[in-house]
Amino acid sequence: MEYTLGLKNSSPSKLQKTNNREPLIREIPSTIPGQNKLFRAGVTLLLLYRTREFKTYFLRHPNDLTTVLSWHQHLHPRLHQLSLRTIAQAEGDFSGRCDLEDQDILHKLRIPPGLCWRDDLSDSDSDWGDLAERDRYLAEQSIQAVSGKSNAHVLRYGPKGATDGNKSIYVSMVPYHGISAKRTVAKLLALSPLASISPGDFLGVFPGRLRYTGAMPAGAVHVPVPGLWLNRSEVKGKFHWIKAAKAGEQTNVCLIWEGVNEVKDEKRFCQYWRILVLATRDIMPFDQLIRPA
């Protein structure tokens, strides 16, 4: 059985069903009763879950347009974001820059002009913040690589080529109201999936540039190699906004370091490293992703 992702004014893409809670995204057909009212109200896409509760509700409330419109107001920006991401990735663009076309999200991010935004980091030279540091790392380290695939390949097919567990395309930045660091109610951003996630599912690649230096760069993440760091200050991506767990707070993802050498049949050393983000438990749509601190 195949589910279809209906994208207005574009060719449909196919979504593979992985469990009974996988989303079904459809354009509204003309056969739905009252569809003219829906179109006039601005509804073009519906996200449906084939569950018993869903069917029971609409059997009892067949004309509840207000509820459908509230869903549309909440879901349409996220579905539009998903459609843009689907089109961009079909054309080979895994940078995630299409997410910045959402003006609401762009305004909340407050990105300085000229900042590099990439979810992929698809070649080894771009992964390094300093090529002299890269050369020194290659001369001093001889850790074997475990992968020969680029980040773009991993984002398309998953880390091990297991497309069923590749849910990276569903991870989105979702605005919400919450308590800011200044203890005031503010419009914030959460990193959340739009589809149900299972333990072990691949969610994306942590963004940044590699540094090989004795001094820890500000805001960097330590790589499991002495002197190697992932600097998050120069490159941003959606996973830059993933929540870090507070003391005692339960996480739902883990970060896995993976050494990479894209030269065919050459794994004697790592050209660069990447951080894979994997789910550690079941995560429902719009639940916030939380990583270890």
Side-chain angles (χ1 to χ4, degrees), residues 13 16 85-99 115-171 200-213 217 219-240 242 253-279 291:
S13 301
Q16 189 169 21
R85 198 177 306 128
T86 302
I87 294 169
Q89 293 191 9
E91 296 174 348
D93 180 3
F94 291 85
S95 68
R97 283 189 286 265
C98 60
D99 292 343
L115 180 73
C116 180
W117 182 280
R118 290 183 61 180
D119 288 334
D120 54 339
L121 297 177
S122 59
D123 62 87
S124 56
D125 286 347
S126 293
D127 283 347
W128 287 90
D130 187 301
L131 294 184
E133 291 179 359
R134 180 204 63 181
D135 294 341
R136 187 161 57 88
Y137 162 80
L138 294 176
E140 296 178 0
Q141 300 291 339
S142 58
I143 300 176
Q144 289 188 345
V146 296
S147 174
K149 303 300 183 182
S150 68
N151 290 359
H153 184 279
V154 168
L155 288 168
R156 183 186 294 276
Y157 299 107
K160 304 299 181 182
T163 55
D164 285 355
N166 182 8
K167 301 295 181 63
S168 58
I169 196 171
Y170 295 114
V171 177
D201 282 349
F202 170 63
L203 303 178
V205 175
F206 212 77
R209 290 196 190 280
L210 293 170
R211 296 290 309 277
Y212 190 57
T213 175
V221 178
H222 183 44
V223 181
V225 175
L228 193 61
W229 311 86
L230 184 74
N231 185 3
R232 300 189 298 150
S233 64
E234 298 178 4
V235 177
K236 303 294 185 184
K238 60 187 175 186
F239 274 97
H240 185 84
I242 189 172
V253 304
C254 64
L255 307 181
I256 305 295
W257 285 95
E258 184 175 62
V260 185
N261 192 324
E262 295 183 31
V263 178
K264 187 176 181 180
D265 299 326
E266 175 59 84
K267 291 189 177 181
R268 291 177 299 171
F269 64 94
C270 299
Q271 286 180 313
Y272 63 100
W273 293 74
R274 60 171 163 247
I275 305 180
L276 305 177
V277 184
L278 303 180
R291 67 171 178 89

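Values in this document were obtained by computation on a predicted structure and should not be read as measured data.
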Close side-chain approach of Asp120 and Val205, heavy atoms under 4.5 Å
no
With the side chain counted from C-beta on, respond yes when Trp257 and Val225 share a heavy-atom pair under 4.5 Å apart, and no when they do not.
no
Find the distance between CZ (Arg134) and OH (Tyr272) and round it off to the nearest 0.5 Å.
12.5 Å
State the CD1-CG distance between Ile169 and Leu155, to the nearest 0.5 angstrom.
10.0 Å
From Thr163 atom OG1 to Arg156 atom CZ, the distance as rounded to the nearest 0.5 Å:
12.0 Å
If we only count heavy atoms from C-beta on, is the Leu276 to Phe202 side-chain gap below 4.5 Å?
yes
Distance col, row Asn231:CG vs Arg211:CZ, nearest 0.5 angstrom, shows 6.0 Å
Heavy-atom nearest pair, Val260 first then Ala145, reads C-CB, 3.8 Å
Looking at every non-hydrogen atom in both residues, tell me the closest pair between Gly204 and Phe239 and how far apart they are.
CA-CE1, 3.6 Å
Donor-acceptor under 3.5 Å (Gln271 side chain, Glu262 main chain):
yes
Going by heavy atoms in the side chains, are Ile143 and Trp273 under 4.5 Å from each other?
yes
Kindly give the heavy-atom pair with the smallest separation between Leu210 and Leu230, and that separation in Å.
CD2-CD1, 4.1 Å
Is the shortest side-chain heavy-atom distance between Gln141 and Leu228 below 4.5 Å?
no
Which atoms form the tightest heavy-atom contact between His240 and Pro207, and what is the distance?
N-CG, 3.9 Å
When every non-hydrogen atom of Leu255 is compared with those of Arg291, the smallest separation belongs to CD1-CD, 4.0 Å
Write down the atom of Tyr212, the atom of Glu140, and the distance for their closest heavy-atom approach.
OH-OE1, 2.8 Å
Under the salt bridge (Lys or Arg N to Asp or Glu O under 4.0 Å) rule, collect the residues that match up with Arg232, sequence neighbours excluded.
none
Tell me, do Tyr157 and Asn166 make a side-chain contact under 4.5 Å, heavy atoms counted?
no
What distance separates Ser168 OG from Gln89 CD, expressed to the nearest 0.5 Å?
6.0 Å
For the CH2 atom of Trp117 and the NZ atom of Lys238, what is their distance to the nearest 0.5 Å?
9.0 Å
